[in-house]
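FYI, side chains are in, hydrogens and waters are out, and symmetry mates aren't considered; it's all heavy atoms of this structure. Numbered from 1 within each chain, the chains take letters A, B, ... in sequence-line order.
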Number of protein chains: 2
Amino acid sequence: MRNASPTLKAIAARLGLSPTTVSRSLNGQGARYRISDRTQRAVQRLARRLDFSPNPIARGLRLKKTATVGLVIPDVSNPFFARIAHRITVAARDHRHSVLLSDSQEQTALEVEAIGLLLRRQVDGLILCPVGLSDEHLSPLPHARIPVVLVDRCFPGLALPAVTSDNLGGARAATRHLLDAGHRRIGVLQGLPGTSTNRDRIAGHRAALSARGVPFDPALVAGDSFLEDAGFRAARRLLRLRPRPTALFALGNLLALGALRAIAEAPLRVPDDISLVAFDDHPYAPHLSAPVTTVAQDVDALGRVAAEILFERIGGRRAAPKTRAIPTRLVERRSVKTLATNPERKQPT
Amino acid sequence: MRNASPTLKAIAARLGLSPTTVSRSLNGQGARYRISDRTQRAVQRLARRLDFSPNPIARGLRLKKTATVGLVIPDVSNPFFARIAHRITVAARDHRHSVLLSDSQEQTALEVEAIGLLLRRQVDGLILCPVGLSDEHLSPLPHARIPVVLVDRCFPGLALPAVTSDNLGGARAATRHLLDAGHRRIGVLQGLPGTSTNRDRIAGHRAALSARGVPFDPALVAGDSFLEDAGFRAARRLLRLRPRPTALFALGNLLALGALRAIAEAPLRVPDDISLVAFDDHPYAPHLSAPVTTVAQDVDALGRVAAEILFERIGGRRAAPKTRAIPTRLVERRSVKTLATNPERKQPT
DNA sequence: CGCATGGGCGCAAACGTTTGCGCAAGGGTG
DNA sequence: CACCCTTGCGCAAACGTTTGCGCCCATGCG
C-alpha cells in the first residue's frame, strides 16, 4: 500500500550492516549464525518501522518457492466450484499462501495449458478439479516436484490424492428413497458420461435398484453433459416415453434446472404428475414450486479437505496418495410422491 | 508439464551462444541488436523443440512486471461475485495474464491485507470489489504505480475507474413497476447501509416514489446487511407491521431468499398475500413457487468491462478515471399482484 | 595501407533475496 | 607469548532473466 516496501539492502545500509545480516535477523536464523541479540532487535525494529517485507519475487527466484498455490477449476461461475474455490482461498490465506486461479472452461486443452502455466510459475502446490474426460495429460503430475490434489472428479488409475463426494452412496440413497415411495420406472438425467462423478452416481443408482430386485433399464437413462440445456433435452425425451417414468433423478444441479423447465413445458406438475430428486442441494431448493428433494454434497468440506491435504504435503509429509470420500446427505422435501398402489414400500431395509 | 523447462543459459550453452543473444532472439529484439537471421532461427527452433519458456519469476524480478493481475472479492462463493471472477479470469487469459485471487470475506481488514500482499507481489493491475463500507484504506491506490479498477461498489470521492450496475435505474424501475400495479405500502429490505449499491438502490426507490407523489416512509425500510439471515429478520419485522405492506422489495438476491423464508413462515403466499420484487436475477427464479420478478444485473458485463478497462490501462493508455454504469433489466414474472382497488394504475408515464 | 563503417555478438550489471563459507577481533588457556 | 575457540558479522555466488554498452572482425573506401 504505502510507497513500495524498502529493500533488504536499504535496511542494511541504514544500519551499516550487510544484507546478509539483515536477512538472517529477519528469518529467525540469527542464532544459527551468531548475530547478536542487539543487532537482531535493531534490524527487526527498523524493518517493522519501515513496513519492510521481502520481495516475494526475488525470494521465489532464490528459494524456488513462491508461497503460492495453483487452482484449476472448470467453471468458477458454477456455484459448486465457486464454493470450493472460496474454501481453498480462505485456507490458503491461513497458510500464508496466495492462490493463482485458472478457469479451464470445461475444456481439457485449456486445463493442460493452465497446469503448464502454473507449474512454470513455480506454484508450491496444485489443486485441480479436472474436466474429467481423460487423464493422460495428468499422468506427469504424480511425478511433479510439487504436491497435487484432485477434487470432485478422480481418476482411479492416477497416483494422486483426491477428494470427492460419496457419489455412489448419495445416488444409492436417492434411488432407494424413490423405491421406498413405490417408484419403479425411474428416469435418470445423467451428466457427462465418462466422468467419475457420473459413473459413480449411475453405479449408486443401479446398486439401489438391484438391492431391491428392480431391473435396470438403459432406455431410462438420458443426457450427455452436466449443463442445463442437456438436462432440459434429456428430460423432455424421458417425459415422452410411454409409459412415462413416475420419477426423474437428475444427477446434477443444472440438470435439475433443465428438468424443471421440461416439466413445466410438458406441462406436468411436481410431484403429482412426476416425482423429482436431484443431486446437489441449492439455497433455492426449498422455495421451488415443489420444494425438491436433493442429495446435498458437503461442498465446503470438499474444498477444506483438499486444502488440508495439499498443505500437509507442502509442509513435507509425503504420505501415500489416498482418496477421501466426503459423505452426502439426503434432504427430503416434497418433490417425491408416495405411490399408494405399491404394497411393498417402506419394506425393512 | 514435462521435466521443468530448460533455462536460457542451457539453450545458449547448447548453441555455443550467450544468454544475451538467446534472450534477444526470443523477444523479437533480434533486429534491433543485429542478431543474424540464421542465429535467430536456430535459437527459436531449439527453444521450441525443448519447450522453453522463460522463467516468469526471474523475468518478473528483472522487469518488475509479472503478467499477473490481482482480484480481490468479498466472497467468491456468492454466485454474483463468482461470475465476475469467472469473466475476469477468462479475460486475463486472453491477455496472457494470470490471476491472483483473494477473498476478503466481506471484511475491510482482510481487504487491506489482500491489497497489500498483491502489491508486494508486483501484480500489473488490480481489480477490486470493495467491501464497501469505507474507502480511506483505498486512498493510496490512485497513486499506485499500477492501474486499479473498482467493480460493483464505487466511491465517488476516489479517483479510480469503476464499473457498477445502474443500481439507481434498476431500483427505480422495480418500484415503478410496483406502483403501476397499485402498491403504495412497499417494504424495502435493504443491504449494508453505507455501501454505494445500497445507497443507489434506495435512491432509485425513492425517486420512483416521489415521481408518483407517494411519500417515502422510513419505517418501511429494514435490514443491515446483504446476507440471507438479515433479509429474513428484516422481512419478518416488516411483515408484522399493521397495516402490512402489500409488497416487499428486496435489494439483493440473498435478501430475497431470506424474505421467502419469512413469508413462508408467516405463513403468507406470494403474490396473493404479498408481492415481491428482488434485485438480482437467478436461474431458479422462474421455478419458485411464485416465479419472482427481478431486476437482472448484467453480471457478465460487469466483469468483462472491468477487465477491458484494466487491460487498456495496463497496455499504457492512461485515460481519466471514469465510472461506467451497466444497464439493468426488469424481468417480470408472477410475484407481483395487481391491486384492482387502485384506479390510477398504468397511468401514462 | 589506413581508416571508417557496419554486422554479429558477448560482458557485466542489475533486479532482491538467501546461504555456504570464511574472516577478524577478542578472550581464554597452556 | 603462542595458540585456539568463540563471537559477530560480511563476501560472494546463486537463482534466471534483460539490457546498455562495447568489442572484434570484415568489408569497403579513399
A12(A): partners by side-chain contact (heavy atoms from CB on, under 4.5 Å), with sequence neighbours left out: P19(A), V22(A)
Q29(B) side chain, from C-beta outward: closest of dT17(D), dT19(D), dC15(C): dT19(D)
Sugar-phosphate, base or nothing in reach of L63(A), heavy atoms under 4.0 Å: sugar-phosphate
Closest-nucleotide 5' rank along DNA chain D - winner of L61(A) and N27(B): L61(A)
Below 4.0 Å: OP1/OP2 of dA14(D) and any side-chain N or O of K64(A): no
Interatomic distance, L50(A) CG vs dG16(C) C1' [rounded to whole Å]: 16 Å
Nucleotide dC9(C), atom C1' - distance to CG of L15(B) in whole Å: 14 Å
Length of the line joining I57(A):CD1 and dT17(C):P, which is rounded to integer Å: 11 Å
Within 6.0 angstrom of R145(B) CZ, more than 12 heavy atoms from elsewhere: yes
Could you list the donor-acceptor pairs under 3.5 angstrom formed by side chains in residues 39-47 of chain B, with sequence neighbours left out?
from: T39(B); atom 1: OG1; to: S36(B); atom 2: OG; distance (Å): 2.8
from: Q40(B); atom 1: NE2; to: I35(B); atom 2: O; distance (Å): 3.1
from: Q44(B); atom 1: NE2; to: S25(B); atom 2: O; distance (Å): 3.1

Distance, rounded to the nearest Å, where N55(A) contributes CG and dA14(C) contributes P: 17 Å
Nucleic acid footprint by protein, nucleotides 5-12 of chain D - heavy-atom cut-off 4.0 Å, B for base, S for sugar-phosphate alone: --BBBBBB
Residue pairs involving residues 67-83 of chain A (criterion salt bridge (Lys or Arg N to Asp or Glu O under 4.0 Å); sequence neighbours excluded): R83(A)-D300(A)
Contacts of Q107(B) that satisfy side-chain contact (heavy atoms from CB on, under 4.5 Å) - sequence neighbours left out: Q105(B), L110(B)
dC15(C) OP1/OP2 closer than 4.0 Å to side-chain N/O of K9(A): yes
All side-chain contact (heavy atoms from CB on, under 4.5 Å) counterparts of I309(A), not counting sequence neighbours: V149(A), P161(A), V163(A), V305(A), R313(A), R324(A)
S5(A) versus F52(A), closest heavy-atom pair with distance: OG-CA, 3.5 Å
N/O-N/O pairs, protein side and nucleotides 24-26 of chain C side, under 3.5 Å:
none

Test side-chain contact (heavy atoms from CB on, under 4.5 Å) applied to S102(B) - qualifying residues, sequence neighbours left out: V72(B), A114(B), L118(B)
Integer-rounded Å distance: dG16(D) P and I11(B) CD1: 13 Å
Rounded interatomic separation in angstrom, taking NZ from K65(B) and P from dT19(D): 10 Å
ring-ring contact (aromatic ring centres under 6.0 Å, His included) contacts touching residues 108-131 of chain B (sequence neighbours left out): none
